[in-house]
**Q** 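After the structure tokens below, expect a handful of questions from me.
These numbers come from the heavy atoms of this one structure, side chains and all, not from hydrogens, waters or symmetry mates. Small disclaimer: the values here were computed from a predicted structure and weren't measured.
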Amino acid sequence: MSETAVKTGHPKGLWVLFGTEMWERFNFYGMRALLTLFLVNSLLMKEADASLIYGGFLGLCYLTPLLGGFISDRFFGNRNCILLGGLMMAIGQLLLFTSASIFDSNIGLATTFMWSALGIIVFGNGFFKPNISSMVGSLYPKQEKSKLDTAFTIFYMGINIGAFLGQFICPFLGDVKDSGGIRDVHAFKWGFLAAAMAMFIGTIVFYVLKDKYVRTPEGHPIGGLPKNNLVSDFEEGESQKAHFTFTSIGIAIATFIILFLLINHFTDGENVVKKFIYPIIYSSGISLALLILLDKTLTKVETQRVWVIYIVSFFVIFFWAAFEQAGSSLTFIADNQTDRNFFGWNMPPSMVQIFNGLFVVIFAVPFSMLWDYLRANDKEPTSPFKQATGLLLIAISYFIIANNVKDLGSNGMLAIYWLILLYLIQTFGELCLSPIGLSLVGKLAPKRFASLAYGVFFISNAAGYALSGTLGSILPATGDKFNKAKELGIDLQAVLDKKITPTTEQLTLLDQNQISANNPVFVGFEIHNLYEFFMVFVILCGIASLILFALTPRLKKMMHGIR
């Protein structure tokens, strides 16, 4: 056992990475809790447009790890990319702080700052995200790789401690309403400033402690420049360098162009994010994943293991599409049609999603102990089976809440405990899926593709978040919209049911108040109410879960002995 190991049997380097990721997640989830409400209430965007921006932003955040992983593996190394990414994200949060400080005097400039901030955060996350995850696996001796599920669950607990703190402190500072329910639209800036400070702390923590603790069991620094990699860091017989030919790169580029044009052509509407950003996410993910498969150094076993990563990643797209409603549609529902009285305290709507992070902190260790117990008794299910279970759980969570909103009507209020129950069940699903997926990549990916393979895994997040934006944009009108329309002298329900035709003046009034005069449509089906909206997720995640369960035996064979 290395002298850097602690009593738990895990290296001290794990706790350094744990702390660094914790502060980064504080920054990211704190900002994420406020983003859509800031776009709607300060920058005066429609909820549907805010959801599309939210999905596109998150999608790009989980697509750029492909680029960051490639640059790390080939040029800068994990450590330098983590420091660069951390600084970029902190700067991006400061730009959001600036946007939230000037919107009332110059909304156009504030919007420009917002777009600039999101762009910088996207690329900062791309440098940070895959590199810190890929370093976890290198902390352990080859004979202790079975500990990775437990290690990544602990690491994932760090992620969610940060998420919990960010989702409490940033909304507490930034999502402020008075006793009459009137929101202080100038308070968002303090939440963004807190997120920036957290990212600076995380970057400094890593810079100070990395050289002492982030080392292999043999004492070699982890994540240095690629040219300094040691032969002993690789498996026996494993190629130490990827070989991308001009032909393979050309095929990947051609695939990207063809897919982008096809997806763009079949995308309805004129929304820039939906029309251009989403096709970039989908086509980039597929073409860059193809690039790995075209590498000539891949053996047959390695190729099959990479395919397992890709197949599982495809199915978890549907998990993230449903899970990430937390920052868009579920936040709008919490804001507009939920009784948020929590033991006498009227909780800010952006804070309701805090229960996910809280439940992960509470249940991460029990889940880790469960996997250890099952492994010790040779009953541990394979990673794809765990992930299919996660998909099934999220389908169940939406089925429960769908039946509880079925009879709400346009003015009924959803009790907050139903959202809390939804987040509890989704947390169980998340613990079956996300840390297990990270561990799976660490076990299956060839070491020369370590960071890039993590980037490929994050394609599922990117595509899922993009899909979450599309699905969030089909949220039907919630209670406050009907009440606001009534104040304007318009019967919104009659308008949506096509019982009356609104005048041009009424349509203008509705548009000025960010209210749509039509029900949203998804794949040809009109969404009339919250029940139908939630059932979309039940169907998508339920079907994905069943198919992945059916594929599990085949995937187990393709993993060649890795569980």
Side-chain angles (χ1 to χ4, degrees), residues 36 46-56 58-59 263 266-269 271 273-274 278 281-282 314-334 336-338 353 356 388 390-410 412 414 418-419 421-423 425-426 429-430 433 460-479 481 496-497 516 518-548:
T36 53
K46 291 185 177 180
E47 289 181 358
D49 292 333
S51 292
L52 289 170
I53 292 171
Y54 173 81
L58 289 184
I263 298 170
F266 289 105
T267 299
D268 296 329
N271 184 282
V273 174
K274 187 177 180 181
Y278 285 15
I281 292 171
Y282 296 132
F314 171 76
F315 284 100
V316 299
I317 287 173
F318 302 101
F319 179 92
W320 294 118
F323 184 86
E324 277 304 329
Q325 296 305 306
S328 56
S329 66
L330 291 176
T331 292
F332 293 138
I333 291 168
N336 302 329
Q337 202 164 352
T338 298
Q353 58 190 281
N356 169 242
L391 272 165
L392 180 61
L393 287 169
I394 204 166
I396 291 171
S397 74
Y398 276 110
F399 182 77
I400 292 173
I401 200 166
N403 282 278
N404 280 280
V405 300
K406 193 171 184 178
D407 299 319
L408 279 184
S410 60
L414 178 70
W418 289 116
L419 284 176
L421 177 62
L422 175 137
Y423 285 126
I425 298 172
Q426 290 190 0
E430 183 184 6
L433 184 137
S460 62
N461 297 55
Y465 293 154
L467 182 57
S468 79
T470 299
L471 295 174
S473 70
I474 66 171
L475 176 69
T478 46
K481 296 293 188 295
L496 294 174
D497 291 341
S516 176
N518 298 291
N519 284 317
V521 176
F522 180 64
V523 295
F525 294 95
E526 189 172 353
I527 307 298
H528 300 89
N529 49 53
L530 288 179
Y531 172 77
E532 294 178 359
F533 174 72
F534 286 131
M535 286 304 296
V536 170
F537 300 100
V538 175
I539 293 169
L540 288 178
C541 294
I543 292 174
S545 172
L546 294 176
I547 295 175
L548 186 53

**Q** If you look at every heavy atom in Y465 and G59, which pair is closest and at what distance?
**A**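 Scanning both residues, the minimum pair turns out to be CB-N, 3.6 Å.
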**Q** Taking only residues two or more places apart in sequence, or in another chain, which ones meet K46 in a salt bridge (charged side-chain N to carboxylate O under 4.0 Å, His left out)?
**A** D511
**Q** By the salt bridge (Lys or Arg N to Asp or Glu O under 4.0 Å) test, which pairs, at least two apart or in different chains, include something from residues 524-536?
**A** none
**Q** Can you find a heavy atom in the side chain of N403 that is under 4.5 Å from one in the side chain of W418?
**A**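 Result no, sub-4.5 Å side-chain heavy-atom pair not found.
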**Q** Going from CG on N356 to CD on E430, what distance comes out if it is rounded to the nearest 0.5 angstrom?
**A** 4.5 Å
**Q** Is there a donor-acceptor pair under 3.5 Å between the side chain of T36 and the backbone N or O of G327?
**A** yes
**Q** Return the CH2 to CG distance between W320 and L391, rounded to the nearest 0.5 Å.
**A**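 Output value for this atom pair is 10.5 Å.
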**Q** To the nearest 0.5 angstrom, please state how far the CG atom of L419 sits from the CG atom of L421.
**A**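 Here the rounded value is 9.5 Å.
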**Q** Restricting to non-hydrogen atoms, name the atom on S468 and the atom on A321 that form the minimum distance, rounded to 0.1 Å.
**A** CB-O, 3.3 Å
**Q** Provide the closest heavy-atom pair for A395 versus C541 in the form atom of the first, atom of the second, distance.
**A** CB-CB, 4.0 Å
**Q** Is F525 atom CZ crowded by more than 12 heavy atoms from other residues, nucleotides or ligands, each under 6.0 Å away?
**A**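 Atom CZ in F525 is not packed in, count stays at 12 or less.
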**Q** Could you grab the distance from atom NZ of K406 to atom CE of M535, nearest 0.5 Å is fine?
**A** 8.5 Å
**Q** Are T478 and L530 close enough that some pair of their side-chain heavy atoms sits under 4.5 Å apart?
**A** yes
**Q** Residues in side-chain hydrogen bond (donor to acceptor under 3.5 Å, both in side chains) with N461, at least two apart?
**A** none
**Q** Taking A388's backbone N and O only, do any of them form a donor-acceptor pair with S545's side chain (distance below 3.5 Å, no angle check)?
**A**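 Yes.
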**Q** Indicate the atoms forming the closest heavy-atom contact of Q353 with A326, along with that distance.
**A**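 The answer is NE2-O, 3.5 Å.
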**Q** Between atom CG of N271 and atom OG1 of T470, what is the distance when rounded to the nearest 0.5 Å?
**A**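 The OG1 atom of T470 is 9.5 Å from CG of N271, to the nearest 0.5 Å.
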**Q** So F323 and F319, would you call those rings parallel, tilted or perpendicular, with 30° and 60° as cut-offs?
**A** parallel
**Q** Please name the pair of heavy atoms, one in A322 and one in I394, separated by the smallest distance, quoted to 0.1 Å.
**A**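 Looks like CB-CD1, 3.8 Å.
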**Q** Distance check, rounded to the nearest 0.5 Å: L433 atom CG versus L392 atom CG?
**A** 12.0 Å
**Q** Could you tell me which non-hydrogen atom of Q325 sits nearest to which non-hydrogen atom of L471, and how far apart they are?
**A**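 Looks like NE2-CB, 4.0 Å.
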**Q** State which residues pass ring-ring contact (aromatic ring centres under 6.0 Å, His included) with F533; sequence neighbours excluded, sorted by chain then number.
**A** F537
**Q** Can you sort out the partners of F534 under ring-ring contact (aromatic ring centres under 6.0 Å, His included), two or more places apart, ordered by chain and number?
**A**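 F534 satisfies ring-ring contact (aromatic ring centres under 6.0 Å, His included) with Y398 once adjacent residues are dropped.
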**Q** Return the set of residues passing ring-ring contact (aromatic ring centres under 6.0 Å, His included) with F314 (not counting sequence neighbours), or none when no residue passes.
**A** F318
**Q** Could you walk me through whether Y531 and L408 pass the side-chain contact (heavy atoms from CB on, under 4.5 Å) check?
**A** CA-CA 9 Å; Y531 172 77; L408 279 184; over 6 Å; no
**Q** Do side-chain atoms of Y278 reach the backbone of L52 as a donor and acceptor pair under 3.5 angstrom?
**A**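 It does hold such a pair.
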**Q** Is it true that a side-chain atom of T338 and a backbone atom of I333 form a donor plus acceptor pair closer than 3.5 Å?
**A** yes
